[in-house]
Amino acid sequence: MNDEPQDPPGEAPQTGSGSEALNTKVYHSEIDPELKTKALEQMCAAIKGNGLKNDDVDITAYDGETLEFLAITELTLDTRLSTKRQAGKISGAMLVPNAGAFQGAVNKETHKIIHSLDVVERIRDAVLKRPDKGLCLEGVLIKLPFLHKDFVAHEPCNACGAKGKIPCPRCHGKGREPCPRCHARGSETCPTCGGRQYIQGANNQNQQCMRCNGTGRIGCTQCHEAREVPCSMCKAVGTMQCKQCNGHAWNSVLCLAEINPIAHYQIDRKTIPPQALEKLDLLGSNIQFHSNMQVVHRHKELEQERNDISIPYHIKVPMAHVMFMLKEKLEIPAFLFGTQAKLYDMPPFLEKIMGPGIKELKAAAMGQGDTASLVQKAGRYRTLQEILLATSKFGPKKALKIIAEKNPIGLSEDGTRKLVLMAYKAIGLLGKNPRMISIILGLTTAAGLFAAYWAVGKPALLPYLPHINNAVLMADATATLIALGAGYGLAKTYLKSAMKKSLESLFEK
Ligand SMILES: [Zn+2]
Ligand SMILES: [Zn+2]
Ligand SMILES: [Zn+2]
Ligand SMILES: [Zn+2]
């Protein structure tokens, strides 16, 4: 392993020394100029409405590099066996000599899978069809039912000694059992004399019973003095079907082998510059949307020699160290990473350029001065207005999320939390009057739109206006009406939702 200290990222091409396959390169290169434009656009979007104009934004340094590395998702086969017994000789699964041979058969099967190019290709395709394309999976089991296999072993039934039947437990194989009527005596009490041996005659004289000839007993009517009857359990057969094997004399042990690949993702973490590595970890499998990624298809003959299944990815990521300059004095560094030109590691510059507005919001939150006018002043900044609106409408918790989405750069998490808290307090101080907030913010919107008209709309419109004396005047009036209308609309929309729930319930969370 390479123990030498790392060169700063991008200084010189680096080669990973760990595994040959995982080598990493970082080199200066002409990266897509579109990325620089995208970076600039993001900055312009961030400062929009926050006290600066697009002209105030400049990029003073832009250092493009390409990070090129190999990632490998290695797939090892995991096998899980589950067995169950079933009566009879079950067919349709792969037959093995006995239940002890399952593991060996499964091992053979996995060996076959790894060495079959078609199956390997199929496994790879299945993994690549996942949304994550197999990227960044560590120890993840990927269920692939087409790899599952059934085995069966046939065993002679030991309950019946592989005969399929057992001696009748009632008659012990004789097929006959003692007569239940006479209890094997062969005779029963004479029903005519009831065993008294005589009956009452015509003159009340005792007469010998004619039926039993004065013995009191007659031959058993069920067994006819045989003392035995056919066994009622086995119907005189003497044997019964073995319940263990249902008479098949054999049982089957079924074994389902769930063979599934487990993915292990590898990149050479030692040779990838730390700042880039951090972003890779952040993006996870989404790196596929932020890079030029190619799945490397190995030569088939080469594949045959290998003892594993792996998917190598060749990943190229553009990155750049960018320096923005705001108003020719505020330097803002950023790390551009990926084909979407996402900007990372930026200081919370919005908190800086909105300074005066934040002061006003803070004063409003602390009840210093006229809260309403302070809130209105703070609302001149787009982001602060978003914070005020989102906080009053959705409560602080949800507002945090909304603001982070609307302002992906320039705000720190901590700073946003503080601002939302201030907004929350200031709104509370407005006398719990939703009408107040709506009117204030409505007016701000109207003022903003009107200002936009004067600054941008009107100059753009002038050449198209008809040359009538009062055309300009009419355009101004229309713009004013539109601006007021928009402000009124916003106020109304807000009022509606605020009235629905009371402010208290809105803010309690
Ligand atoms: Zn049996
Ligand atoms: Zn029997
Ligand atoms: Zn009798
Ligand atoms: Zn009998």
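Just follow the structure's listing: the first ligand is 1, and inside any ligand the first atom is 1. Sequential numbering from 1 along the given sequence is applied to the chain's residues.
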At the Zn ion (ligand 1): angle between C160 atom SG and C245 atom SG, to 10 degrees: 110°
D268 side chain to K270 backbone, donor-acceptor under 3.5 Å: yes
Near the Zn ion (ligand 3) (under 2.8 Å) - protein N, O or S atoms: C190 SG, C193 SG, C209 SG, C212 SG
Flag, side chain of Y313 to backbone of K133, donor-acceptor distance under 3.5 Å: yes
Contact flag C220/the Zn ion (ligand 4), N/O/S atoms, threshold under 2.8 Å: yes
Cation-pi geometry met for K342 and F337 (6.0 Å, 45°): no
Metal site the Zn ion (ligand 1): N/O/S of H248 inside 2.8 Å: no
E413, CD: over 12 other non-hydrogen atoms inside 6.0 angstrom: no
Metal proximity, C182 vs the Zn ion (ligand 4), N/O/S cut-off 2.8 Å: yes
Which atom of V317 lies closest to which atom of S291, heavy atoms considered: CG2-CB, 3.9 Å
Close side-chain approach of F349 to I409, heavy-atom, < 4.5 Å: yes
Heavy-atom neighbours of K38 NZ exceed 12 at 6.0 Å: yes
H321 and F335 aromatic centres sub-6.0 Å: yes
